Amino acid sequence: DIDEFSTEMFEAGEKLDGMIQRYCQEKQLDEETRQRKVYVVRSLIFGAAIQFDNGELPYSEHTLKMVHDSIERELLLP
């Protein structure tokens, strides 16, 4: 049901935000950078989920690695 899905996505987003917040604090990154990283990482994850769901991307080790590497690259950028 859509309400359950929305709740799960909200909770996942909250956890992700907290993880990125801690990462940015450890790296002493400013608020604008934190906001950009949250936006980009969420976009990568949720975009991939949509593309997996509608068949645009195959759900495979290769594409999961691509998403992982894209997230890692964003986190390594200043």
Side-chain angles (χ1 to χ4, degrees):
D1 133 295
I2 191 70
D3 291 331
E4 184 178 324
F5 177 75
S6 295
T7 300
E8 288 175 6
M9 293 302 285
F10 176 78
E11 289 171 357
E14 290 280 305
K15 288 179 185 177
L16 180 62
D17 290 355
M19 291 168 53
I20 295 172
Q21 176 71 30
R22 285 189 299 281
Y23 174 84
C24 289
Q25 287 173 343
E26 288 174 13
K27 300 295 181 184
Q28 298 178 334
L29 302 175
D30 61 44
E31 180 62 17
E32 184 176 337
T33 301
R34 186 198 67 78
Q35 288 176 348
R36 187 194 78 233
K37 288 185 181 300
V38 167
Y39 169 74
V40 172
V41 171
R42 277 183 149 197
S43 296
L44 288 166
I45 291 170
F46 296 133
I50 290 168
Q51 289 180 303
F52 290 146
D53 188 51
N54 69 19
E56 287 181 45
L57 279 177
Y59 189 79
S60 68
E61 283 189 39
H62 174 75
T63 52
L64 289 173
K65 183 174 177 355
M66 180 182 66
V67 174
H68 172 274
D69 292 349
S70 297
I71 292 167
E72 184 175 60
R73 185 178 63 231
E74 173 58 31
L75 292 175
L76 292 174
L77 289 173

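If you're wondering where the values come from, they're calculated on a predicted model, not measured in any experiment.
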- prompt: Looking at NZ of Lys15 and CD1 of Ile20, how far apart are the two atoms once the value is rounded to the nearest 0.5 Å?
  reply: 14.5 Å
query: Between Val67 and Ile50, is there a shared hydrophobic cluster once you connect ILVMFWY residues whose side-chain heavy atoms come closer than 4.5 Å?
result: no
message: Would the distance check show the side chain of Thr63 and the main-chain N or O of Pro58 forming a donor-acceptor pair, the cut-off being under 3.5 Å?
response: yes
Full working for salt bridge (Lys or Arg N to Asp or Glu O under 4.0 Å) between Lys65 and Asp69: CA-CA 6 Å; Lys65 183 174 177 355; Asp69 292 349; 2.7 Å; yes
- prompt: Got a second to check how far Gln35's CD is from Leu29's CG, nearest 0.5 Å?
  reply: 12.5 Å
- prompt: Do the non-hydrogen side-chain atoms of Leu16 and Val38 ever get within less than 4.5 Å of each other?
  reply: no
Interatomic spacing from CZ in Arg42 to CG in Asp17 - rounded to 0.5 Å: 4.0 Å
task: Treat each ILVMFWY residue as a node, draw an edge where side-chain heavy atoms are under 4.5 Å apart, and state whether Leu44 and Tyr23 are in one component.
output: yes
query: Out of curiosity, Glu72 CD to Leu77 CG, how far, rounded to the nearest 0.5 Å?
result: 11.0 Å
- line: Tightest non-hydrogen contact, residues Glu74 and Lys37, listed as O-NZ, 2.5 Å
- request: Take atom CD of Gln25 as the centre, draw a 6.0 Å sphere, and report whether it contains more than 12 heavy atoms from other residues, nucleotides or ligands.
  value: yes
message: Can you confirm whether Gln28 is buried at CD, in the sense that more than 12 heavy atoms of other residues, nucleotides or ligands lie under 6.0 Å from that atom?
response: no
query: Is the closest side-chain heavy-atom distance between Phe46 and Val41 below 4.5 Å?
result: no
statement: d(Lys27 NZ, Leu76 CG) to nearest 0.5 Å is 8.0 Å
Approximate separation, where rounding is to 0.5 Å, of Cys24 SG and Leu75 CG: 7.5 Å
message: Closer than 4.0 angstrom, basic N to acidic O: yes or no for Asp30 and Arg34?
response: no
field: In one Ile/Leu/Val/Met/Phe/Trp/Tyr side-chain cluster, 4.5 Å: Leu64, Met66
entry: yes
query: Counting only heavy atoms not in Glu61, do more than 12 fall under 6.0 Å of its CD?
result: no
